[in-house]
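Reviewing the structure listed below.
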Number of protein chains: 2
Amino acid sequence: MASHGARGRSGGRPTLEEVAARAGVGRGTVSRVINGSPRVSDATRAAVEAAVAELGYVPNTAARALAANRTDAIALVVPEPETRFFAEPYFSDMLRGVGAELSDTEMQLLLIFAGSDRERQRLAQYLAAHRVDGVLLVSVHADDPLPDLLAQLEIPAVISGPRSAAETLTSVDSDNYGGGRAAVEHLLAGGRRTIAHITGRLDVYGAQRRVDGYRDALRDAGHGVDELLIEPGDFTEEGGRRAMSVLLDRYPALDAVFAGSDVTAAGARQVLREAGRRIPDDVALVGYDDSAIARHMDPPLTSVRQPIVEMGRAMIDLLLAEIADRRPAVSRGLERRHAVLPAELVVRASS
Amino acid sequence: MASHGARGRSGGRPTLEEVAARAGVGRGTVSRVINGSPRVSDATRAAVEAAVAELGYVPNTAARALAANRTDAIALVVPEPETRFFAEPYFSDMLRGVGAELSDTEMQLLLIFAGSDRERQRLAQYLAAHRVDGVLLVSVHADDPLPDLLAQLEIPAVISGPRSAAETLTSVDSDNYGGGRAAVEHLLAGGRRTIAHITGRLDVYGAQRRVDGYRDALRDAGHGVDELLIEPGDFTEEGGRRAMSVLLDRYPALDAVFAGSDVTAAGARQVLREAGRRIPDDVALVGYDDSAIARHMDPPLTSVRQPIVEMGRAMIDLLLAEIADRRPAVSRGLERRHAVLPAELVVRASS
DNA sequence: AGGTACCGTGGGAGCGCTCCCACCGGTGAT
DNA sequence: ATCACCGGTGGGAGCGCTCCCACGGTACCT
């Protein structure tokens, strides 16, 4: 419709061609300027930039994607909504980090849900069609086929929360081991002796690492590790209640509990209170995640904070690096990177 | 590289042309089948579909976007991260609704942050370049220029939480008036007589409506409205503490508080407890949002639940309708739509 | 019989960009 | 002076699709 001369076509955004005409140069030169190529003289560059500004030129992403066979988009793939990822503060914080780091680039962020089978199928098509340059993966189950699919398609990907110590994907994680250690060391320092641990879901690698931290902290302090003080939980409140009841039956005299999540701690707290235990006088309680619940609990809950915003940033950094490394399509041999960011104990009144 | 015959080019996804060759038809026919045009014979359609399946053909979005001048993408624009939107459960729930409704379509979801000036500038360019077919707007301040920009660019948009009763954009909201009413009616039914209200930020329309609901509930029950029982808050915990102190000084005998958010209620609860008031025995407490905090508070907090997942769904529905209406570019005259979804009181031990 | 209509179809043109090759003129080496 | 070279540039080709026009064929009218 109305494909006339220079400008002002109906709703018409200016094209490269029009910028070139305006600046009195060729199309290729404008493209070079836009893409920051060094092989342009300063005078020409200035002229082009002026034309770009005057016309309010914005490159057409679709055309660029088509011609260059890249998308300038990355996807954040969110597995089923029941996962911990959707729990506060995980989701929003990570998104904050991702968004902050992305705002320096031209990359756009796609949110893709992979809950239902239909959604997963769509996702597979999506990836097969290479509609994104890279993928951010969060809270993936150990047996999820997605990582393998990504590897096979050779799509750069970064996973938050590695699935195991042998994670093949580039990963970002917080120091769950150190977090677990810090929690227990804090309790020991407070004079606690019988410290129970309600774990997270043990098919989650991070939960395992917290248990490792718990064990080593006790061991290194010269205490033995009583496996009966370790009761499996599942990150939920109900799981916390259940585990706490078991532990209380088993060790009526326990004087501290390290819970695998704040929500779990909330469940444990209920059972402790019903059993007449005072917090922190009789039993000290430490959670994990430093969520809103921890701050508002009564008493406020000591908890291990993960640097989730920074983890989001780190994921983007690593992903962009992988994408950049891949572009020349030559120098493979990029060794897998695993970033581990420190966790921090936030001490409150519960311990 | 290796641009040979039909399939199996290195990483090569099949093109329309290849599907056409395989099915023994022309390019245009395949395009018609892909796009569900009715003007294709059943036999031809079947042949094409078979070829599509055999080749694993997936349309190239970039090419389609370029040729058809549409993007099949919508953006969810998130203003500064400090807003309530990032609070649990808002964000994740709304995303759940949006994602669920979107999974039936070909549309993809872009997440765009518009916090910093730089980000906002990028967003403006983005929109100017018409890189999305529609926009979802959440928790927009009353004086934000974004809605006007969208209107001016004629980009379909839906806002959650209208800025005022005169919202010009299509909007989705929960029934804040009804929610406020329900909270107060519940307290009255429980025999409470001196009911205070700690408001949300009154530049947020929804917070105003909750106050309206509070007033009308009292009025309709034959009680007068004492404006001194209404103390402005700002959705924060600190604001809740502050307002509660003021109210307690003013009305030591108050027996109920309706707080503008759960977090506000948490702040109020602290002050009440420090003042020796028991909940719910001396003072009943009701919050708003039904967040995780409400469930885990001690005692668990009665709160008004907004159907956020459904709001997300509704936003997508309305947005897709607007986009569809716009496509023919003829029949304007679409009247603005404003969906209001019911809020629900979740009664717990605090009242 | 010829005319008109319309359905189903093929394929040209073109969307706006990147990539790359060819070309120009100015250097420095020979 | 001659040649190779290189920085800077212009513009053709083509990415994979949609849009639309034109075409053959059948069916139905007059």
Side-chain angles (χ1 to χ4, degrees), chain A residues 1-4 6-7 9-48 52 55 57-72 106 129-131 133 327-329, chain B residues 1 3 6 9-48 52 55 57-72 106 129-131 327-329:
Chain A
M1 317 76 189
S3 60
H4 249 301
R7 49 188 304 184
R9 299 140 65 197
S10 66
R13 290 158 289 294
T15 69
L16 244 205
E17 196 92 46
E18 289 163 16
V19 174
R22 174 87 173 210
V25 300
R27 220 168 59 259
T29 303
V30 178
S31 176
R32 259 166 244 134
V33 172
I34 299 290
N35 293 291
S37 161
R39 8 205 75 249
V40 180
S41 73
D42 290 347
T44 308
R45 163 168 288 114
V48 170
V52 165
L55 261 32
Y57 171 76
V58 181
N60 180 318
T61 340
R64 177 177 285 184
L66 181 58
N69 194 37
R70 67 189 153 104
T71 63
D72 287 332
E106 290 284 85
H130 282 261
R131 275 161 69 164
D133 291 341
R327 288 255 226 265
Chain B
M1 322 52 181
S3 64
R9 300 143 63 198
S10 69
R13 290 156 290 295
T15 69
L16 243 206
E17 196 92 46
E18 288 163 15
V19 174
R22 174 86 172 211
V25 301
R27 218 171 58 257
T29 301
V30 176
S31 176
R32 259 165 244 133
V33 172
I34 299 292
N35 292 291
S37 159
R39 8 206 76 249
V40 180
S41 72
D42 290 347
T44 308
R45 164 168 288 115
V48 171
V52 165
L55 262 32
Y57 170 75
V58 181
N60 179 318
T61 340
R64 176 177 286 181
L66 181 58
N69 194 37
R70 67 188 153 105
T71 63
D72 287 332
E106 291 284 89
H130 281 262
R131 274 161 70 165
R327 287 256 224 266

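Because only heavy atoms are used, hydrogens play no part in the values below, and waters and symmetry mates are left out as well, while side chains stay in. By convention in this document, chain letters (A, B, ...) are assigned in the order of the sequence lines, proteins followed by strands, and residues within each chain are numbered from 1.
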Worksheet item: What's the spacing between T15(A) OG1 and Y57(A) OH if we round to 0.5 Å?
Response: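 Here the interatomic distance stands at 7.0 Å.
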
Worksheet item: From L16(A) CG over to L55(A) CG, what is the distance, rounded to the nearest 0.5 angstrom?
Response: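 Separation between the atoms: 11.0 Å.
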
Fill in: side-chain hydrogen bond (donor to acceptor under 3.5 Å, both in side chains) partners for S41(A), two or more places apart
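Scan of S41(A) (side-chain hydrogen bond (donor to acceptor under 3.5 Å, both in side chains), adjacent residues dropped) gives T44(A).
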
Run the side chain to side chain contact (heavy atoms under 4.5 Å, CB included) test against [X] and tell me which residues pass, sequence neighbours left out.
| X | result |
| --- | --- |
| N69(B) | R13(A) |
| R131(B) | T61(A), Q108(A), Y126(B), A129(B) |
| A63(A) | N60(A), L66(B) |
| A21(A) | none |

Restricting to nitrogen or oxygen on both sides, can you table the protein-nucleotides 22-28 of chain C pairs closer than 3.5 Å?
none

If you define the side chain from C-beta out and look only at heavy atoms, does anything of [X] sit under 4.5 Å from [Y]?
| X | Y | answer |
| --- | --- | --- |
| V52(B) | I34(B) | yes |
| R64(A) | R70(A) | yes |
| R45(B) | D42(B) | yes |

Rounded off to whole Å, could you give me the [atom1]-to-[atom2] distance for the [X] and [N] pair?
| X | N | atom1 | atom2 | result |
| --- | --- | --- | --- | --- |
| L66(A) | dA13(D) | CG | P | 17 Å |
| E17(A) | dC17(C) | CD | P | 9 Å |
| R13(B) | dC17(D) | CZ | C1' | 15 Å |
| N60(A) | dC15(D) | CG | P | 18 Å |

Identify all pairs in which a protein N or O lies below 3.5 Å from an N or O of nucleotides 18-20 of chain C, and state each distance.
unit_1, atom_1, unit_2, atom_2, d
dT18(C), OP1, N35(A), OD1, 3.4
dT18(C), OP1, N35(A), ND2, 3.1
dT18(C), OP1, R64(A), NE, 3.0
dT18(C), OP1, R64(A), NH2, 3.4
dT18(C), OP2, S31(A), OG, 2.7
dT18(C), O4, R27(A), NE, 3.4
dT18(C), O4, R27(A), NH2, 3.0

Item to complete: Find the bend of the helix from dA1(C)-dT30(D) to dT30(C)-dA1(D) as the angle between its two terminal axes (five pairs each), to the nearest 10°.
Response: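 For the helix from dA1(C)-dT30(D) to dT30(C)-dA1(D), the axes at opposite ends meet at about 50°.
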
Worksheet item: What are the two closest non-hydrogen atoms of A47(A) and A23(A), and how far apart are they?
Response: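 Nearest pair, atom of A47(A) first, then A23(A): O-CB, 3.9 Å.
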
Worksheet item: Which pair of heavy atoms, one from R32(B) and one from V40(B), lies closest together, and at what distance?
Response: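 Answer, listing the atom of R32(B) first, then V40(B): CB-CG2, 3.6 Å.
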
Worksheet item: Considering only heavy atoms, which members of residues 38-46 of chain B lie under 4.0 Å from some atom of DNA chain C?
Response: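 Output list: R39(B), V40(B), S41(B), T44(B).
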
Item to complete: Kindly say if T29(A) contacts the phosphate of dG10(D), meaning a side-chain N or O under 4.0 Å from OP1 or OP2.
Response: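 Indeed, a polar side-chain atom of T29(A) lies that close.
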
Worksheet item: Judged by atom type as modelled, is there a donor-acceptor pair below 3.5 Å linking the side chain of D72(B) to the main-chain atoms of E106(B)?
Response: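 The answer is no, because no donor-acceptor pair under 3.5 Å joins these two groups.
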
